[in-house]
Protein chains: 4
Amino acid sequence: MNKKEKIMEATLDLIRDHGFHGCPMSMVAKNSSVAAGTIYHYFESKDELIMELYHYLVAKVVDAAQSGDDDQLPFKERFMRFWHNMKKLYVQDRSIHRFMEQFYNSPYFTEEMEMTDNQWHNWMRNFFTDGINSGELRSGVKPEILSIMVHGTILSSVKVTIYHGKKMDMDQINLGHIAEIVWDGIKKQPEAKS
Amino acid sequence: MNKKEKIMEATLDLIRDHGFHGCPMSMVAKNSSVAAGTIYHYFESKDELIMELYHYLVAKVVDAAQSGDDDQLPFKERFMRFWHNMKKLYVQDRSIHRFMEQFYNSPYFTEEMEMTDNQWHNWMRNFFTDGINSGELRSGVKPEILSIMVHGTILSSVKVTIYHGKKMDMDQINLGHIAEIVWDGIKKQPEAKS
Amino acid sequence: MNKKEKIMEATLDLIRDHGFHGCPMSMVAKNSSVAAGTIYHYFESKDELIMELYHYLVAKVVDAAQSGDDDQLPFKERFMRFWHNMKKLYVQDRSIHRFMEQFYNSPYFTEEMEMTDNQWHNWMRNFFTDGINSGELRSGVKPEILSIMVHGTILSSVKVTIYHGKKMDMDQINLGHIAEIVWDGIKKQPEAKS
Amino acid sequence: MNKKEKIMEATLDLIRDHGFHGCPMSMVAKNSSVAAGTIYHYFESKDELIMELYHYLVAKVVDAAQSGDDDQLPFKERFMRFWHNMKKLYVQDRSIHRFMEQFYNSPYFTEEMEMTDNQWHNWMRNFFTDGINSGELRSGVKPEILSIMVHGTILSSVKVTIYHGKKMDMDQINLGHIAEIVWDGIKKQPEAKS
DNA sequence: CATGAATGAGGATTCATTCAT
DNA sequence: AATGAATGAATCCTCATTCAT
């Protein structure tokens, strides 16, 4: 791993373990085994380090999301693969999610950024647009809405897995059901609803 | 409003506008019109202020959630009231949502807290247990799972409303549909599905 | 005990246990069971409280020193009584000595105070002047010098008693010798010295 | 002088002039011509600065004590050299004495420290053990006791010199006598006394 | 007399950033 | 490129003192 990545990974670990607060540059330096001054060769400022880390993680997330995807497959299959890719990513390494949640609710994340081209939102929009166009998903709901909703539910199910995992003696079958429930919610609905 | 609440509200506003960073005690003092030292009469430390603010907001959230609830009503009606109460709460005053998102992903929120008696989780568990017991919700899914899932989706739909609201020129009808979609996902299912 | 004394005693205890630093007025208030404001009815300021405490303790020390003294007795007897009175006082309650040592080496204690009438130094000067005049003590040494020397040695022997007391398995006979050694040093010397 | 020593010396000066109070880090910084933050490169905290200063001074004191010492000399000569070394050290630079007096009577100095290996006490114990073994000092008194006693008396005579020095118009001869008096107290005694 | 909430200047400490080496 | 000592503004917190009740 090159120095720049080492610095970003150290920052990420620090944020996972000690929050956005607990990652002073001095500690980033120590944890990535470089001198404090060296960080400033790779990043103009701490803000820039955080911003680059954000983009680095977005790329990682998109990569994970589309692993094994194939637009020739039935959309339910594609949806399930997406779902499990994301869950795996978030469960295996909590740091990504934790970073993102803090990032989105911090002043680093401005409204402009949201509006601007965003790899991750673009990918999701396209993905769900495919499902709508192929007639396998509900029509009449914008893909942006579907994507935010689905992603929110994935994150929630990650929380369930992580926090309650052992404590609640929850059988895996139940947890697996969540994806089905969500699929039932977004799939093409037969006709009238109660 | 008493001084303690004034301090908490000032902190909350600061966190909304400038994130978990960006609320130095000096600014909390200024925004709540008390001297810096006064804060320490009411809170032992900044950490304690944050923790008390959390509990204060949880109480507010539970209050909002159960507004107009009545266990004699059909569960779909109760669900829709709950849904709209929550959305109203989170959309009208973004500060609660922003605080919570940051809080849950910060070191303030420990695993123990999750496990410990938690007003909000208790309320939600009881609520969804009612729906399961009355046969109006899917059986075979634990109420804890339903509550985390539903709440996660509410938060997501709040994000849609807030961030994309104007930009996307999204008609209100579509947004209203989300609750229906979720209801379709959690309601008693007719029979077997693939 | 009246309120004023209660405040002074609380201050003294605090200084013994936590040093000159660790006695904020708030804690003095708590430990003496009065409100913070009340202290300012009895003392103009913290400085004044410390100064009054000093004078209060000086009086206590003089009282202890002259307990059982009688200028008709042989001076060696008077000296031994004095010695044991002081040791008892300092060993039984370390706070007096600890306060004094810190006081003397703090800015509270000015050179003027040293020069000014000082009950305790006066008492000691008079005491040793008696010994010189009666021919039982060395001549040619000013009583001021004798008194500071003797008192310093008492304090040292208190330190021995307190710190090393148990640890060193020191027989009481040896400790008792110190007064004898000092007496040998200050008593009228026979004639030529080596 | 390196920066670490400059900081310690500035602290010492401040304590001499304004007591253990009266040396805020900001002033230590100013007096040692470094930035406030720099102090924390060399010392973890103010407490650690004080503790290191203590050890630094103990080393200085031991150095001074053994200056010109030679175990081939008669013990009286060694004793007199020791005495005058110490007096010189304490009188020439009052800061060491003032620091020590405050340090020993503050919570910085714990019982454990007293018990623990202590350069200074070790040196004194060895010194007086030599005198006892060579038969030039009283037997039957532990060297620890002799050392505490003698040192206490030196400190007292320093106080005499400093506080009363000019005021009392005390001839140097008298002051010089103190060492003789103490020597008379601790030297091998001719025979039994009442 | 007594209270204790309120004050705000001052103290210890942190931390992003710079710069001589 | 890399270092890490140095900086000093900013932060959290303390505490002597006041004053309305």
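Each chain gets a letter, A, B and so on, in the order the sequences are listed, and its residues count up from 1.
In this structure, the NZ atom of B/Lys46 is 13 Å from the C1' atom of E/dT14, given to the nearest Å. For the pair D/Phe43 CZ and E/dT14 P, the computed distance is 15 Å after rounding to whole Å. As rounded to whole Å, 12 Å separates atom C1' of E/dA2 from atom NZ of C/Lys6. One atom, CD1 of A/Ile39, and another, P of E/dA16, lie 9 Å apart when rounded to the nearest Å. A straight line from OH of C/Tyr108 to C1' of F/dA16 spans 10 Å, rounded to a whole angstrom. Atom-to-atom, CD1 of B/Ile7 to C1' of E/dA5 comes out at 11 Å; the value is rounded to the nearest Å.
Within the 4.0 Å cut-off from OP1 or OP2 of F/dA5, not a single side-chain nitrogen or oxygen of D/Tyr40 is found. Within the structure, a side-chain polar atom (N or O) of A/Thr38 is placed less than 4.0 Å from OP1 or OP2 of F/dT3. Between E/dA6 and B/Lys3, a contact under 4.0 Å exists linking OP1 or OP2 to a side-chain N or O.
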Here DNA chain E, pairs taken as Watson-Crick or G-U under 3.5 Å and shown with ( ), [ ] when crossing and | when to another strand, reads .||||||||||||||||||||
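Taking the side chain of C/Val34 as heavy atoms from C-beta on, and the options E/dT3, F/dG4, F/dT17, the nearest nucleotide is E/dT3. Of the listed nucleotides (E/dA12, F/dC12, F/dA16), E/dA12 has the atom at the smallest distance from the side chain of D/Met25.
Backbone-only engagement by C/Tyr42 is indicated by non-hydrogen atom pairs under 4.0 Å involving sugar-phosphate atoms exclusively.
Taking every heavy atom of both residues into account, D/Phe43 and D/Lys4 meet most closely at CZ-CG, 3.6 Å.
Other residues, nucleotides and ligands contribute more than 12 heavy atoms inside 6.0 Å of the CD atom of C/Glu5. Counted within 6.0 Å of CE on D/Met27, heavy atoms from surrounding residues, nucleotides or ligands total 12 or fewer; the atom is thus considered open.
The aromatic rings of B/His97 and B/Tyr90 sit tilted relative to each other, their planes meeting at an angle between 30° and 60°. Using the six-membered ring where Trp is involved, B/Tyr54 and B/Tyr104 have ring planes that are perpendicular, over 60° apart on the 30 and 60° scheme.
With 3.5 Å as the limit, one finds no donor-acceptor pair spanning the side chains of A/Asp47 and A/Ser45.
The base of F/dA1 lies outside donor-acceptor range of the side chain of A/His41, with no N or O pair under 3.5 Å.
In this structure, B/Phe99 has its ring center no closer than 6.0 Å to that of B/Tyr56.
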